[in-house]
Amino acid sequence: MEAIPISPESYNLGFIGAGKMAESIARGVVKSGVLPPQRISTAVHSNPNRRIAFESFGVGVRSNNSAVVEASDVVIFSVKPQVVKDVVLQLKPMLSEKKLLVSVAAGVKLKDLQEWAGHSRFIRVMPNTPSAIGEGATVMSLGGAATEEDGELISKLFGSVGKVWRADEKSFDGITGLSGSGPAYIFLAIEALADGGVAAGVPRELALGLASQTVLGAASMVTKSGKHPGQLKDDVASPGGTTIAGVHELEKGGLRGILMNAVVAAAKRSQELS
């Protein structure tokens, strides 16, 4: 059966799961104007604060997941990986191929999602936590029956909370280790830089502000300048200066290898969990 095209101008979006990630995506979609809140819904089962959060920007909160699926053309499963199978199987009778299904559950493979749903019009998406402030890094992989138009629609949705790439699903464990877990590595780096500033006599609040803005500025230079980060590093490090002295210490401590090992370790753990 050929997938029925979904109209970008009139489709309804539903979230199964009303957690922080679903809220971040929904807020980004509304704020960017991709969809009005009246065409988005979710269901809240226990926590009244979750209902308040979604209703605060106009998203409809329905009585249960079945009502969300019934009202939606695109359904995003934003639940914990350990419960996604039960949730998809419970809703399976309603998950026809007329609906485009999306999963943001880490480590859950397309072949399993498609088997549980009974069809392959599924897209697997790996976002990360900076999506909450519109600076997410999202990677997506299309299932067997998902069309190019489906991919473009989901790319536009997640593009409202950051940047989007497509990749083969076989890369997803590595992607999880890099961009999925990566924010935590950078948070550690910011904390350590700030501690270094304090150790060198900079007041704590100023040190933290300088560290976080420095990381933000450096990342922006990589994305906007088009230069390789190695070149940008060389541009800062003048002969016999302060920067090369600091870089020398980082190299002696094995910073590159430590970061590479962190990504590989997280990727291996993602593989084990899946």
Side-chain angles (χ1 to χ4, degrees), residues 1-17 21-22 24-37 39-42 68-79 84 87-88 91-92 94-128 130-131 134-176 178-180 223 270 274:
M1 178 182 172
E2 190 172 336
I4 298 173
I6 294 172
S7 170
E9 287 76 33
S10 60
Y11 74 94
N12 292 317
L13 173 66
F15 288 90
I16 304 301
M21 183 58 75
S24 296
I25 298 164
R27 281 187 183 277
V29 167
V30 171
K31 186 177 180 180
S32 66
V34 172
L35 282 181
R39 282 163 49 194
I40 306 173
S41 65
T42 189
V68 173
V69 174
E70 185 177 4
S72 303
D73 305 293
V74 178
V75 179
I76 298 180
F77 290 91
S78 182
V79 297
V84 67
V87 173
V88 174
L91 296 169
K92 182 176 179 178
M94 306 180 69
L95 302 178
S96 74
E97 205 163 352
K98 293 180 181 178
K99 299 181 186 293
L100 172 59
L101 309 180
V102 179
S103 171
V104 299
V108 183
K109 292 188 177 353
L110 273 170
K111 67 178 181 61
D112 294 322
L113 293 164
Q114 293 169 167
E115 180 183 338
W116 302 332
H119 66 81
S120 59
R121 195 179 188 184
F122 229 121
I123 296 179
R124 182 180 172 188
V125 176
M126 181 68 205
N128 65 1
S131 298
E135 294 292 347
T138 297
V139 183
M140 54 187 282
S141 182
L142 275 59
T147 65
E148 275 300 308
E149 290 75 16
D150 291 341
E152 289 170 9
L153 186 149
I154 297 306
S155 182
K156 188 173 182 180
L157 270 178
F158 283 85
S160 69
V161 292
K163 293 185 178 180
V164 181
W165 291 262
R166 286 202 204 183
D168 192 290
E169 192 185 25
K170 67 184 180 183
S171 301
F172 266 51
D173 289 325
I175 290 163
T176 300
L178 175 55
S179 61
T223 58
S270 173
S274 67

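For Arg121, the side-chain hydrogen bond (donor to acceptor under 3.5 Å, both in side chains) partners two or more places apart in sequence, or in a different chain, are Asp150. Applying the side-chain hydrogen bond (donor to acceptor under 3.5 Å, both in side chains) criterion to Asp173, with sequence neighbours excluded, gives Ser270. Evaluation of the salt bridge (charged side-chain N to carboxylate O under 4.0 Å, His left out) rule for Asp73 yields no partner, not counting sequence neighbours. Listed by chain and residue number, Glu9, Ser10 satisfy the side-chain hydrogen bond (donor to acceptor under 3.5 Å, both in side chains) test with Ser7 (two or more places apart in sequence, or in another chain). Listed by chain and residue number, nothing satisfies the side-chain hydrogen bond (donor to acceptor under 3.5 Å, both in side chains) test with Ser72 (two or more places apart in sequence, or in another chain). Listed by chain and residue number, Asn128, Ala137, Ile175 satisfy the side-chain contact (heavy atoms from CB on, under 4.5 Å) test with Ser179 (two or more places apart in sequence, or in another chain). Residues satisfying the side-chain contact (heavy atoms from CB on, under 4.5 Å) test with Pro5, not counting sequence neighbours, are none. Residues forming a side-chain contact (heavy atoms from CB on, under 4.5 Å) with Glu135 (at least two apart in sequence, or on another chain): Pro130, Ile133. Leu178 pairs by the side-chain contact (heavy atoms from CB on, under 4.5 Å) definition with Val263, not counting sequence neighbours.
Counting all heavy atoms, side chain and backbone alike, Lys99 lies closest to Met94 at CE-O, 3.5 Å. Across Ser78 and Met21, no two heavy atoms sit closer than the pair OG-CB, 4.0 Å. Phe172 and Val125 make their closest contact through CE2-C, 4.4 Å (heavy atoms, listed as atom of the first residue, atom of the second, distance). For the pair Phe15 and Ala22, the tightest heavy-atom approach, listed with the atom from each and the gap, is CD2-CB, 3.7 Å. Minimum interatomic distance between Ser24 and Val161 (heavy atoms only, all atoms of both residues): O-CG1, 3.5 Å.
Contact of the Ile76 side chain with the Phe158 side chain is registered, since non-hydrogen atoms from C-beta on lie closer than 4.5 Å. Under the 4.5 Å side-chain criterion, counting only non-hydrogen atoms from C-beta, Val69 is in contact with Leu95.
Of the residues Ile123, Leu100, Leu101, the one that meets the side-chain contact (heavy atoms from CB on, under 4.5 Å) test with Val74 is Leu100.
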Derivation and outcome, side chain to side chain contact (heavy atoms under 4.5 Å, CB included), residues Val75 and Val68
CA-CA 8 Å; Val75 179; Val68 173; 5.7 Å; no
Leu91 and Phe77: CA distance, side-chain angles, deciding distance, side chain to side chain contact (heavy atoms under 4.5 Å, CB included) verdict
CA-CA 11 Å; Leu91 296 169; Phe77 290 91; 4.0 Å; yes
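For residues 160-170, the set of pairs meeting the side chain to side chain donor-acceptor pair (under 3.5 Å) definition, not counting sequence neighbours, comprises Arg124-Glu169, Glu148-Arg166.
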Return a table of donor-acceptor pairs under 3.5 angstrom between the side chains of residues 109-116 and protein atoms on other chains or two or more places apart.
unit_1	atom_1	unit_2	atom_2	d
Lys109	NZ	Ser274	OG	3.2
Gln114	OE1	Gly144	N	3.3

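Side-chain N or O atoms of Thr138 include none that pairs as donor or acceptor with a backbone N or O of Val164 at under 3.5 Å.
The CD atom of Glu152 sits 12.5 Å away from atom CD1 of Ile6, with the distance rounded to the nearest 0.5 Å.
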